Peer 1: 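So that we are looking at the same thing, I have put the structure below in structure tokens.
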Amino acid sequence: FMEQAGVIRFFNEVSMAAFGRARGGPGKVCVASSALMGTVSGSGVANVVASGQFTIPLMKRFGFPSAFAGGVEATSSMGGQIMPPVMGAVAFIMAETINVPYVEIAKAAAIPAMLYFFTVFWMVHLEAGRAGLKGLPKEDCPDPWVAIRARWYLLLPLAGLVYLLFAGF
């Protein structure tokens, strides 16, 4: 997965480090990286394109059926539309239509988005248990601190966006 560049590679490395060794690790990596990508894209289709090229083959290689791997990617990527702070275009339309600040829409979406991703994560865990799928070997999982030290600057736009959102600009 070295051919990936930028933000999605960073999100995949952090997700691999956090969940790769767990039962059904490749599926959990998919969910976590999609949740992280959703914070900056707000687009389900962009999320599938960015992360699916890595996560779907990874899930298939470790024993998930093709249909399940595609379903996990599509389901978790579509959650990007409800993941603050960016979310989908509908959140901006909603804020304008009901005359509520966008920050209030983002705050209201935070808990449902986390519950959505937790549910997908849990379904991956249950399917992996049913199918007897293990996690990735330790040597295949990157060190999260190496990834963070190497690409910490990729979090600056997200931090700036969150600051501007909550500062009321």
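Please read these numbers as outputs of a predicted model, since none were measured by experiment. For this chain, numbers begin at 1 and follow the sequence in order.
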Peer 1: Please indicate whether R151 has more than 12 foreign heavy atoms, meaning atoms of other residues, nucleotides or ligands, lying under 6.0 Å from its CZ.
Peer 2: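 More than 12 heavy atoms, drawn from other residues, nucleotides or ligands, come within 6.0 Å of this atom.
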Peer 1: Decide yes or no on side chain to side chain contact (heavy atoms under 4.5 Å, CB included) for M87 and I105, but give the supporting numbers first.
Peer 2: CA-CA 10 Å; M87 301 191 294; I105 302 291; 3.8 Å; yes
Peer 1: Hey, is the main chain of R23 close enough, under 3.5 Å, to the side chain of K28 for a donor-acceptor pair?
Peer 2: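 Looks like yes, one N/O pair under 3.5 Å.
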Peer 1: What closest approach, in Å, do M78 and G44 show between heavy atoms, and which atom pair accounts for it?
Peer 2: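 Heavy atoms only, the tightest pair is CE-C, 3.4 Å.
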Peer 1: In terms of ring plane angle, is the pair F92 and Y102 parallel, tilted or perpendicular, where the classes change at 30° and 60°?
Peer 2: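 Aromatic pair F92/Y102 classed parallel.
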Peer 1: Side chains of L58 and L136, heavy atoms from C-beta outward: is any pair under 4.5 Å?
Peer 2: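 Yes, close enough: below the 4.5 Å cut-off.
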Peer 1: Should F62 and L133 count as side-chain neighbours, where that means a heavy-atom distance under 4.5 Å?
Peer 2: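 Not touching, per the 4.5 Å side-chain cut-off.
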Peer 1: Got a second to check how far K107's NZ is from F166's CZ, nearest 0.5 Å?
Peer 2: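 Rounded to the nearest 0.5 Å, the NZ-CZ separation comes to 6.0 Å.
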Peer 1: Is the number of heavy atoms from other residues, nucleotides or ligands under 6.0 Å of I98 CD1 greater than 12?
Peer 2: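 Enclosed.
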Peer 1: Mind checking the CD1-CG spacing from I148 to L154? Nearest 0.5 Å is all I need.
Peer 2: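 It comes to 11.5 Å.
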Peer 1: State whether the side chain of S33 and the backbone N or O of C30 hold a donor-acceptor pair below 3.5 Å, judged by distance alone.
Peer 2: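 The answer is yes, because a donor-acceptor pair under 3.5 Å joins these two groups.
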Peer 1: Do L158 and F10 belong together in a cluster built from hydrophobic side chains that touch within less than 4.5 Å?
Peer 2: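 Yes; F10 is reachable from L158 via cluster members.
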Peer 1: Using the rule that two of Ile, Leu, Val, Met, Phe, Trp, Tyr join whenever any of their side-chain heavy atoms come within less than 4.5 Å, decide whether V14 and W152 are in one cluster.
Peer 2: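 In one cluster with V14: W152, yes.
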Peer 1: Heavy atoms, side chains only, cut-off 4.5 Å: are S51 and M37 in contact?
Peer 2: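 The answer is no, as the side chains (C-beta and beyond) never meet within the 4.5 Å cut-off.
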Peer 1: Using the side chain to side chain contact (heavy atoms under 4.5 Å, CB included) rule, take F11 and V40 through it: C-alpha gap first, then chi angles, then the decisive distance, then the call.
Peer 2: CA-CA 11 Å; F11 289 156; V40 295; 4.0 Å; yes
Peer 1: Is any side-chain heavy atom of F64 closer than 4.5 Å to one of V72?
Peer 2: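 Side chain of V72 against side chain of F64, heavy atoms only: no contact under 4.5 Å found.
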Peer 1: Is T97 close to M94 at the side-chain level, that is, under 4.5 Å between some pair of heavy atoms?
Peer 2: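 No. Closest side-chain heavy atoms not under 4.5 Å.
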Peer 1: Give the minimum heavy-atom separation between S34 and N47, together with the two atoms involved.
Peer 2: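 So the minimum-distance heavy-atom pair works out to O-ND2, 3.0 Å.
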Peer 1: To the closest 0.5 Å, what do you measure between CE (M123) and CZ (R130)?
Peer 2: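 The CZ atom of R130 is 10.0 Å from CE of M123, to the nearest 0.5 Å.
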Peer 1: Which heavy atom in S66 sits nearest to a heavy atom in K60, and how many Å separate them?
Peer 2: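 Reported closest heavy-atom pair: OG-CE, 3.3 Å.
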Peer 1: Mind checking the CG-CZ spacing from D140 to R61? Nearest 0.5 Å is all I need.
Peer 2: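 It comes to 8.0 Å.
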Peer 1: Indicate, with yes or no, if M59 and L126 share a hydrophobic cluster defined by side-chain heavy-atom contacts under 4.5 Å among Ile, Leu, Val, Met, Phe, Trp and Tyr.
Peer 2: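 L126 and M59: separate clusters.
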Peer 1: To the nearest 0.5 Å, what is the distance between CD1 on I82 and CG on L115?
Peer 2: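 If I round to the nearest 0.5 Å, the distance is 9.0 Å.
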Peer 1: What's the spacing between S76 OG and L36 CG if we round to 0.5 Å?
Peer 2: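 The CG atom of L36 is 11.0 Å from OG of S76, to the nearest 0.5 Å.
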Peer 1: Among all residues two or more places apart in sequence or in another chain, which pass the salt bridge (charged side-chain N to carboxylate O under 4.0 Å, His left out) test with E96?
Peer 2: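 With sequence neighbours excluded, E96 shows a salt bridge (charged side-chain N to carboxylate O under 4.0 Å, His left out) to no residue whatsoever.
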Peer 1: Compare all side-chain heavy atoms of V86 with those of S41 and state whether any distance is below 4.5 angstrom.
Peer 2: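 The answer is no, as the side chains (C-beta and beyond) never meet within the 4.5 Å cut-off.
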Peer 1: Do the side chains of W122 and V31 get nearer than 4.5 Å, heavy atoms only?
Peer 2: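 They are not in side-chain contact.
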Peer 1: Indicate the atoms forming the closest heavy-atom contact of A95 with P101, along with that distance.
Peer 2: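 The answer is CB-C, 4.4 Å.
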Peer 1: If every non-hydrogen atom of V124 is compared with every non-hydrogen atom of F68, which pair is closest and at what distance?
Peer 2: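 Scanning both residues, the minimum pair turns out to be CA-CZ, 4.3 Å.
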Peer 1: State yes or no: do M114 and F121 share one hydrophobic cluster built from I, L, V, M, F, W and Y residues joined by side-chain heavy-atom distances below 4.5 Å, directly or via other members?
Peer 2: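 No, because M114 and F121 fall into different hydrophobic clusters, even though each may have its own neighbours under 4.5 Å.
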Peer 1: Could you tell me whether the side chain of S77 reaches within less than 4.5 Å of the side chain of V49, counting heavy atoms only?
Peer 2: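 A side-chain contact is absent here, since even the closest heavy-atom pair is not under 4.5 Å.
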Peer 1: Which heavy atom in R21 sits nearest to a heavy atom in C141, and how many Å separate them?
Peer 2: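 R21 and C141 have their closest heavy atoms at CG-SG, 3.5 Å.
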Peer 1: Under 4.5 Å between side-chain heavy atoms, counting indirect links through other Ile/Leu/Val/Met/Phe/Trp/Tyr residues: same cluster for W145 and L155 or not?
Peer 2: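 Yes: a chain of side-chain contacts under 4.5 Å links W145 to L155.
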